[in-house]
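The residues of the chain are indexed from 1 along the displayed sequence. Remember, it's 1-based here, ligands and their atoms both numbered in the order they're listed.
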Amino acid sequence: MAEDVFKKLVAHCKEYGFVFQSSEIYDGLGAVYDYGQNGVELKNNIKKFWWDSMVMLHENVVGLDSAIFMHPTIWKASGHVDAFNDPLIDNKDSKKRYRADVLIEEQLAKIEAKIDKEITKAKKRFGDAFDEEQFRATNQRVLANQEKWDKLHSRFSKALNDNNLAELRQIIVDEEIACPVSGSRNWTEVRQFNLMFATEMGSTADGAMKIFLRPETAQGIFVNYLNVQKTGRMKLPFGIAQIGKAFRNEIVARQFIFRMREFEQMEMQFFVKPGTELDWFEKWKETRMSWHQSLDFGAENYRFHEHEKLAHYANAAVDVEYKFPFGFKEVEGIHSRTDFDLSQHQEYSGKRLQYYDPEINESYVPYVVETSIGVDRMFLQVLSASYHEEEVPDVNGKMDTRVVLKLPPQLAPVKMAVMPLVKKDGLPEKAREIIDSLKFDFNCMYDEKDSIGKRYRRMDAIGTPFCVTVDHQTTEDNTVTIRYRDSMEQERVDISKLSEIIAEEVSMKKLFAKLK
Ligand code: GAP
């Protein structure tokens, strides 16, 4: 059922110009996507919401735009050359390749789904009298599944932390996990696979240098930390925010734009005094969760997930997960990265990357708390939450299914569509006049084709919050009807009121006011 919704969402993204497969006319390129005319607007709005909430609202956070190409030693220092690996396993019959850790995580999710199913059933049966805590503690089926989950989870965490590839394979064998394609359990050994893409800079005759496409934007921030601190006269604690492309040669690149080989990240490194990092970690956890929840997609659809295995640089790490149609999955990571990166760059570059703290008259390498969110994953989250199919009356009162994207108006690609009722009698000219007066403030669209009902449906499908219809009365009294996407209600208003009505809903101020 939920998988069906996801398939529909993917088809919708293509049909309405949000996301296209890259190189489609050449049969596509795996896990690489292009954003269409509506997709790029939505993506830009998401980036603006993030950027302003970080840089504009925090006095001590500034921006940066560093290059994708960087000196190759950066990736040696950061640990990515040696440790940025995924454990992969092949099925010998289907020849399909999987991430061993993802196969086990999916097994854990299946057990969790069984528990959830029991709880949903019981909730229905007992109604208001239902006590979930008590039910979890006493129901035999839930207890048995919980025990299964706990055992598997602790065995899995240990295998990951010990980097024990043989044990990961043994878990897959013991859990009787089968290949979803061949259905067989004929598995190879588990091997490590480095995710960085490499290319060459300079011609071979000059001695080309092997460089990497950055797998995270964060390193561009670390290597510029002192430049920004000095030129901006920044005092600790302070943050540097950046939005940019990152590249990973993902093994399992399925689920549309959830896992891509070329994607975009919005990262912020917050530099703090050593010893205060865990307090800042908690603070940023709260701040970022409030950013997600300000979009009103339902607090119950978010949760924190502690990492099974800490990355080589972290002393604390948590994911913000959202309930996608295919289950709870990571949207953002919040990591306490200690002084690992700056210390490594100090060692490999031979340059001092210390901060002189005037309060204690000492220099030290700052600690770092990072917030890191994928633009594309956030895009998928916003679309998953906004996609609705509804049975509603059409303009003649007959029931009809409408597909509507209930996007937060601030993120909608088009804010207002202006439609002349007919293509004559001066109505198109009047409609264009309205667009001309509002196009400096809002992304407006003109639409005169097909019936008004069909035009409304087209606008619902791309999430346009306001449709304005120009009719004969408009030429007499300068009023139009404005139709609201979610309620489908219409009201007659003076043209001079449009700007105020729209601005009130699409301004990001409303979202910012909800942030902690
Ligand atoms: N600098 C830390 C870092 O890169 P990460 O957990 O590997 O941490 C952060 O990535 C975020 O980037 C993820 O939460 C996800 O939203 C996004 N991301 C990572 N890999 C991705 C991929 N292959 N496709 C799309 N988004 C991805």
Exercise. For the ring pair F84 and W75, is the centre-to-centre distance below 6.0 Å?
Worked result: no
For this session: Would you check whether H335 has a nitrogen or oxygen atom less than 3.5 angstrom from a nitrogen or oxygen atom of ligand 1?
Result: no
Exercise. Would one find an N or O of G374, backbone or side chain, under 3.5 Å from an N or O of ligand 1?
Worked result: yes
Exercise. Taking the inter-plane angle between the rings of F238 and Y225 on a 0 to 90° scale, is it parallel (under 30°), tilted (30 to 60°) or perpendicular (over 60°)?
Worked result: parallel
Problem set entry | Those atoms of ligand 1 less than 4.0 Å from some heavy atom in F258 | 24 (N), 25 (C), 26 (N)
Exercise. Numbering the atoms of ligand 1 from 1, which are under 4.0 Å from a heavy atom of E216?
Worked result: 1 (N), 2 (C), 3 (C), 4 (O)
Problem set entry | Sole residue of E267, E216, E277 in salt bridge (Lys or Arg N to Asp or Glu O under 4.0 Å) with R337 | E216
Exercise. Quick check: does A218 get an N/O under 3.5 Å from an N/O on ligand 1?
Worked result: no
Problem set entry | E267, portion touching ligand 1 at heavy-atom distance under 4.0 Å | side chain
For this session: Counting heavy atoms only, name the option from R261, E330, Q269 that's nearest to atom 6 (O) of ligand 1.
Result: E330
Exercise. Heavy-atom count around K245 NZ within 6.0 Å, excluding the residue itself: above 12?
Worked result: yes
Problem set entry | N or O contact, Q265 vs ligand 1, cut-off under 3.5 Å | yes
Exercise. Heavy-atom distance under 4.5 Å between the side chains of E330 and R377, does that happen here?
Worked result: yes
Problem set entry | atom 24 (N) of ligand 1: the protein heavy-atom neighbour that sits closest, reported with distance to 0.1 Å | M260 N, 2.8 Å
Problem set entry | Proximal ligand 1 atoms for R337, defined as those under 4.0 Å from one of its heavy atoms | 1 (N), 2 (C)
For this session: On the 0 to 90° scale, with breaks at 30° and 60°, tag the F222-H345 ring pair as parallel, tilted or perpendicular.
Result: tilted
Problem set entry | F326 and F324 aromatic centres sub-6.0 Å | yes
Problem set entry | Interfacing atoms of ligand 1 (cut-off 4.0 Å, heavy-atom, G333) | 14 (O)
Seminar exercise, completed: Ranked by distance from atom 9 (C) of ligand 1, the top protein heavy atom is S372 OG, 3.0 Å
For this session: Determine, using heavy atoms of D376 and all atoms of ligand 1, whether some pair is separated by less than 4.0 Å.
Result: no
For this session: Run the numbers on R155 and D174 for salt bridge (Lys or Arg N to Asp or Glu O under 4.0 Å), then give the verdict.
Result: CA-CA 12 Å; R155 193 177 165 196; D174 292 349; 2.9 Å; yes
For this session: Could you tell me if the ring centre of Y35 sits under 6.0 Å from that of Y33?
Result: no
Seminar exercise, completed: Counting heavy atoms under 4.0 Å, the part of D319 that contacts ligand 1 is neither
Exercise. About how many Å separate CZ of F258 and CD of E250, when rounded to the nearest 0.5 Å?
Worked result: 10.0 Å
For this session: Could you list the atoms of ligand 1 found under 4.0 angstrom from a heavy atom of E250?
Result: 20 (N), 22 (C), 23 (N)
For this session: Show which atoms of ligand 1 fall inside a sub-4.0 Å distance from at least one heavy-atom site of E332.
Result: 14 (O)
For this session: Give a yes or no on whether the ring-centroid distance for W291 and F49 is below 6.0 angstrom.
Result: yes
Exercise. Among protein heavy atoms, which sits nearest to atom 26 (N) of ligand 1, and what does the distance come to when rounded to 0.1 Å?
Worked result: F263 CD1, 3.5 Å
Seminar exercise, completed: If we number the atoms of ligand 1 from 1 as shown, the ones under 4.0 Å from a heavy atom of E370 are 1 (N), 2 (C)
